[in-house]
Number of protein chains: 2
Amino acid sequence: MPDTPTVTARGPINRPTPLRQAVYEALTELIINGSLKPGQHLVEAELAESLGVSRQPIREALQRLQTAGWVDLRPSQGAFVHSPTTAECAQLLSVRGLLETHSARGAAQHATPRDIARLWELQQTGLTALEAADARAIVEANAALHGHITLLSRNAVLAELIPQVDRRVRWYYMPIARPRGKDAWNEHARIIEAIGEGSPGRAEELMRRHTRNTTEFYCRQIAAVVGRGD
Amino acid sequence: MPDTPTVTARGPINRPTPLRQAVYEALTELIINGSLKPGQHLVEAELAESLGVSRQPIREALQRLQTAGWVDLRPSQGAFVHSPTTAECAQLLSVRGLLETHSARGAAQHATPRDIARLWELQQTGLTALEAADARAIVEANAALHGHITLLSRNAVLAELIPQVDRRVRWYYMPIARPRGKDAWNEHARIIEAIGEGSPGRAEELMRRHTRNTTEFYCRQIAAVVGRGD
DNA sequence: ATGCAGAATACTGTATGCAATCATCGTTCG
DNA sequence: CGAACGATGATTGCATACAGTATTCTGCAT
């Protein structure tokens, strides 16, 4: 590996991680895993004590949580965990599909053989998780694969927008939806092939169909859940 | 008008506007109009004194400015006005086109005759500004028209994402680009017609071409500016 | 003259304190 | 008995104060 210099270019880490960022991540985690339920009133003092910090980092984290759509911040009333509506979730899914379709096109235009190899690795990780029927690992592998495709599109704006949308989608659907299973990963394989061939149009179309399938899959599950009065 | 209840539903305003929001808006304005230049180091204490508030509202506003892409916040170093690259701007344009295309489709599905009438009003405002050759008014009318189409799509996620992208685009291009002129407004008219007919596919395609034209128009101007070494 | 080491400075990150506002509950009047 | 009013407790909004870190300047050695 001649491209391994004397100092492996680790990211400019070692920056003292600001407390507010740790708080931000802690709170998103608490929201995603359901410790903080939708609509719940978040009291700054409680969070501060619970996390062992002062109110200031909490407040700064809440600002970012609001713009990311995790909480609603009402003046003089405080923060409330955002309650997504069914309509909003459908919108999230359609927008995510749109953005991912675009990123697949970009990936097909910019990917190097090395990138493709990495995609196949991630695909294999997903297949392994699929065999083990490890739902958590499947979701994670799926996010990793889609995330890497976005990265390959070399589009900073997409890379910034998609995670915001994607995390919210996953947060809402995780409790009620099961991963799609083998079909999805077959579609992944064909998308990777198209990207590897450098066929933007083909990759775009395949991704469009893939996200459409995913959207329909989830919408059916929602309809079932809502239908039985849950 | 039977839908006018005893209490006209004015938005639940009159909430004491938090200082942090005023600061947020003041800073975006300062960035857009160039008082704060890209790459400039924003010192909290200076901003605080300049705006006559303490550092706390400044810090909270900076958090939101970061997630909105206006500033880069480096740990232990402070806030710097974001410096957009040419590549990033092209990406912003393409993503905006993507989102607006989607919103045009949604608008065609949901718009009422009353909504259409409003669109024609906005169109007329734009034409008036065009005749008066008032660049500022043209840009504003354009934003108003596109914004209303987004609103008609009844898609909260789009309504949340597009302004973020759009404002950054306008910020970067305003100093170097002139409005497109009559062509753009002819395209607008045809888009409104398609929305009025309730033809999602047609509205989508027209908007796609419109945004593509706009993107190319701006990219040519950039190339010209960069080409002459400015 | 130049490169480096060390201290001084300036700024950010965090904590705490106080005033203003909102929600809740008990009371009183119609 | 119901509804409006007022007091009280809790919570947010803002300001100030202190600690930690990065940058810069100065002086010295090479």
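Just so we're clear, the structure is a prediction, and the values are computed from it rather than from any experiment. In the text below, chain A, chain B and the rest are named by the order of the sequence lines, each starting its count at 1. No hydrogens, no waters, no symmetry mates; every other heavy atom, side chains included, goes into these values.
Partners of B:Glu49 by side-chain hydrogen bond (donor to acceptor under 3.5 Å, both in side chains), not counting sequence neighbours: none found.
Checked options B:Glu44, B:Glu46, B:Glu60; the residue passing with B:Arg55 is B:Glu44 (criterion: salt bridge (charged side-chain N to carboxylate O under 4.0 Å, His left out)). With respect to A:Tyr172, the side-chain contact (heavy atoms from CB on, under 4.5 Å) criterion is satisfied by exactly one of A:Thr85, A:Thr86, A:Leu93: A:Thr86.
Taken residue by residue, residues 35-52 of chain B places no heavy atom nearer than 4.0 Å to DNA chain D. Of all the residues in residues 55-62 of chain B, B:Arg55, B:Arg59 reach under 4.0 Å from DNA chain C with at least one non-hydrogen atom.
Looking at every heavy atom in both residues, A:His82 comes nearest to A:Pro84 through O-CD, 3.3 Å.
Taking the six-membered ring where the residue is Trp, A:His210 and A:His146 present parallel rings, their angle staying beneath 30° rather than reaching 60°.
For the pair A:Leu19 CG and C:dG13 P, the interatomic distance rounds to 11 Å; values are reported in whole Å.
Using a 3.5 Å distance cut-off with no hydrogens or angles, the side chains of B:Thr214 and B:Arg180 do pair a donor with an acceptor. Checking A:Ser103 against A:Ser153 by side-chain atom types alone, no donor-acceptor pair falls below 3.5 Å.
Closest approach to the A:Ser54 side chain among C:dT14, C:dG13, D:dA15 is made by C:dT14 (side chain taken as heavy atoms from C-beta onward). With D:dA15, D:dC14, C:dG13 as the choices, the nucleotide that has an atom nearest any side-chain atom of A:Arg20 turns out to be C:dG13.
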Evaluate the criterion side chain to side chain contact (heavy atoms under 4.5 Å, CB included) for residue pair B:Arg168 and B:Gln164; output intermediate values, then yes/no. CA-CA 7 Å; B:Arg168 286 164 68 182; B:Gln164 289 183 14; 5.7 Å; no
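In this model, the phosphate group of D:dT11 is not approached by any side-chain N or O of A:Gln77 to a distance below 4.0 Å at OP1 or OP2.
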